[in-house]
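Both counts, for ligands and for their atoms, begin at 1 and track the order of listing.
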Amino acid sequence: MLSKTVYAALNKHMNTELFSAYLYLNMSAAANEMGYKGSANWFNVQYQEEMVHFTKFYNYINSQGAQAIVDKMAKPASSFKSLLHFFEETLKHEQFITRCINDLTEQAVKEKDHATQIFLQWFVTEQIEEEENDREIIGKLKLIGDNGYGQLMLDNELGTRVFVPPAVI
Ligand code: OFO
């Protein structure tokens with residue numbers, strides 16, 4: 001059973017995960033339009049991962065006898081200046097998500113909601129990986145600078161990312 005406050009916080013965050021999916025879908029199309037085909041693939045994989053995150057919240061809320069409700073959302077950004085800009089915005093967004101997950105966990109601890117704490121642990125770990133991946137790409141892009149060949153090589157590398165569907169959501 002979820003308290004009213006934990007339910008509201010989980011449902012709000014479920015919608016934020018959906019926003020993340022929409023943001024990365026926009027980024028994928030924008031990267032494609034700018035000729036960064038590999039990055040377009042990377043953001044498409046990211047979109048699919050966010051849909052998994054969204055579904056995890058959706059299923060968890062419903063499994064607790066509450067009702068997951070999809071809400072209207074803000075319009076995600078759709079225009080980016082450079083590859084570096086794409087990934088700086090991605091890191092900024094993921095740092096925001098990390099703060100949201102931390103706040104949610106604190107709320108669950110405060111209310112002695114152990115089931116929700118356990119559910120959120122997966123996301124606490126996932127956010128470390130999300131931020132680390134973005135920082136690594138930003139580091140490479142800063143080394144590459146304006147070198148077109150370097151950017152092309154990195155874009156090719158980003159094109160190799162593959163979505164691995166989880167066995168259970
Ligand atoms: Fe769901 O981790 Fe990114 O946003």
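- Among F123, F57, F119, the single residue meeting the side chain to side chain contact (heavy atoms under 4.5 Å, CB included) criterion with L104 is F57.
- The nearest pair of heavy atoms linking F19 to A74 is CE1-O, 3.4 Å.
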Please tabulate, line by line, the atom pairs linking an N/O of ligand 1 to a protein N/O at a distance below 3.5 Å, with the distance in Å to 0.1, or answer 'none'.
residue, atom, partner, partner atom, Å
ligand 1, 2 (O), E50, OE1, 3.3
ligand 1, 2 (O), E50, OE2, 3.2
ligand 1, 2 (O), H53, ND1, 3.2
ligand 1, 2 (O), E94, OE1, 3.2
ligand 1, 2 (O), Q127, OE1, 3.0
ligand 1, 2 (O), E130, OE2, 3.0
ligand 1, 4 (O), S20, OG, 3.0
ligand 1, 4 (O), E50, OE1, 3.2
ligand 1, 4 (O), E50, OE2, 2.9
ligand 1, 4 (O), E94, OE1, 3.2
ligand 1, 4 (O), E94, OE2, 2.8

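- Remark: E157 engages K140 in a salt bridge, criterion side-chain N to carboxylate O under 4.0 Å.
- Two rings, from F43 and F87, have their centers less than 6.0 Å apart.
- Put simply, the side chain of M51 does not reach to within 4.5 Å of the side chain of E17, judged on heavy atoms.
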Step by step, would you call F86 with W42 a ring-ring contact (aromatic ring centres under 6.0 Å, His included)?
CA-CA 11 Å; F86 274 103; W42 194 94; over 10 Å; no
